[in-house]
Amino acid sequence: MHLVALLFLTKSPVRKIVIAGNWKMFKTQAESLEFLKGFLPSLDQTPQDREVVLCVPFTNLNVLSKNLHGSRVQLGAQNVHWEGSGAYTGEISGPMLTEIGVRYVIVGHSERRQYFGETDYTVNLRLKAAQRFGLTPILCVGETKQQRDTGETESLISTQLEKDLVDIDQENLVIAYEPIWAIGTGDTCECKEANRVIGLIRSQLNNPDVPIQYGGSVKPNLIDKIMAEPEIDGVLVGGASLEPASFARLVNYR
Ligand code: 13P
């Protein structure tokens, strides 16, 4: 292949690669420690070009923080409130997370939007708070099956980005394209299509170097193909991040 063509096909060397697990509401503290025992040794072979993140339930953050010490795994939470403290029963603030070594936080996951009434307005507030308190937010966007079938994917995502990113610093941000119909269904989005939508997302950003992940039924047998796509800078993984061997394969994609 011609060298110039090759340069265009490879990912920008500036963009960070982020392989993140989202444990959702799975694992007790004891189960988290059991996971680490199986998973950490596999990081010996992990190339330095990628960031490895585990976004775990709040109750597991402290124990993981203590036991990740010295490893290259970064700790992530699954939500953050927009105030530093206050009368907000059931919520967790940025300073509570950074105090225990949390670096990343998922914001606007479709399960939060669907089951807990999160709107683009509250997603934007949470993104701003994450950055204000020194966390890197992973903003999730994506369409439902119905929106895809009626040709609304592009406009829906464009609106989400427009509303969610008001006053957001794009130098400290990760975006995850998670088509809702692909989450937990085994119906992974076709790689070329995920690459196309992620390219569209990138074209709407002020900073083209924001890492953009794909999420939705990412499995070990698909990871090499997904990561070969030029626009895809990583993955956000639910089910396949729960088992050490499976997450190790994702992190050590080739
Ligand atoms: P699955 O990988 O289980 O489909 O979940 C994806 C997801 O929602 C990650 O945030």
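Note that ligands are numbered from 1 as they come in the structure, with each ligand's atoms numbered from 1 the same way.
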Visitor: Give yes if a backbone or side-chain nitrogen or oxygen of G184 is under 3.5 Å from a nitrogen or oxygen of ligand 1, and no if not.
Guide: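 Indeed, backbone or side chain, G184 has an N or O that close.
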Visitor: State the atoms of ligand 1, each with its element, that fall below the 4.0 Å cut-off from a heavy-atom position in K24.
Guide: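 What qualifies from ligand 1 is 5 (O), 6 (C), 7 (C), 8 (O).
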Visitor: May I ask you to check whether T144 and Q146 show a side-chain donor-acceptor distance below 3.5 Å?
Guide: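 No, no side-chain donor-acceptor pair sits under 3.5 Å.
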Visitor: Whether the side chain of R148 engages the backbone of T153 through a donor-acceptor N/O pair (distance < 3.5 Å, no angle test) should be reported.
Guide: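 Judged by distance alone, no pair lies under 3.5 Å.
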Visitor: side-chain contact (heavy atoms from CB on, under 4.5 Å), that's the test. Do L97 and F133 meet it? Break it down for me.
Guide: CA-CA 9 Å; L97 297 173; F133 294 115; over 6 Å; no
Visitor: Would you please classify the geometry between the W23 ring and the F35 ring as parallel, tilted or perpendicular, with 30° and 60° separating the classes?
Guide: perpendicular
Visitor: Assess, by modelled atom type and distance only, whether the side chains of H109 and Q78 contain a donor and an acceptor separated by less than 3.5 Å.
Guide: no
Visitor: Nearest protein heavy atom to atom 9 (C) of ligand 1, by residue and atom, and its distance?
Guide: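 I find the closest protein heavy atom is E178 OE2, 2.9 Å.
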Visitor: Distance under 4.0 Å to a non-hydrogen atom of G238: what atoms of ligand 1 satisfy this?
Guide: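 Numbered from 1, ligand 1 contributes 1 (P), 2 (O), 3 (O), 5 (O), 6 (C), 9 (C).
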Visitor: For atom 3 (O) of ligand 1, what is the closest protein heavy atom, and at what distance to 0.1 Å?
Guide: G239 N, 2.8 Å
Visitor: Do any N/O atoms on T185 end up under 3.5 angstrom from N/O atoms on ligand 1?
Guide: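 Between T185 and ligand 1 (N or O atoms, distance only) the closest approach is not under 3.5 Å.
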Visitor: State the atoms of ligand 1, each with its element, that fall below the 4.0 Å cut-off from a heavy-atom position in N22.
Guide: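 Counting atoms of ligand 1 from 1, those under 4.0 Å from N22 are 9 (C), 10 (O).
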Visitor: Consider only side-chain N and O atoms of S110 and E178, and report whether a donor and an acceptor are under 3.5 Å apart.
Guide: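 Judged by distance alone, the side chains do not pair up.
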Visitor: Report yes or no: does G215 have a heavy atom closer than 4.0 Å to ligand 1?
Guide: no
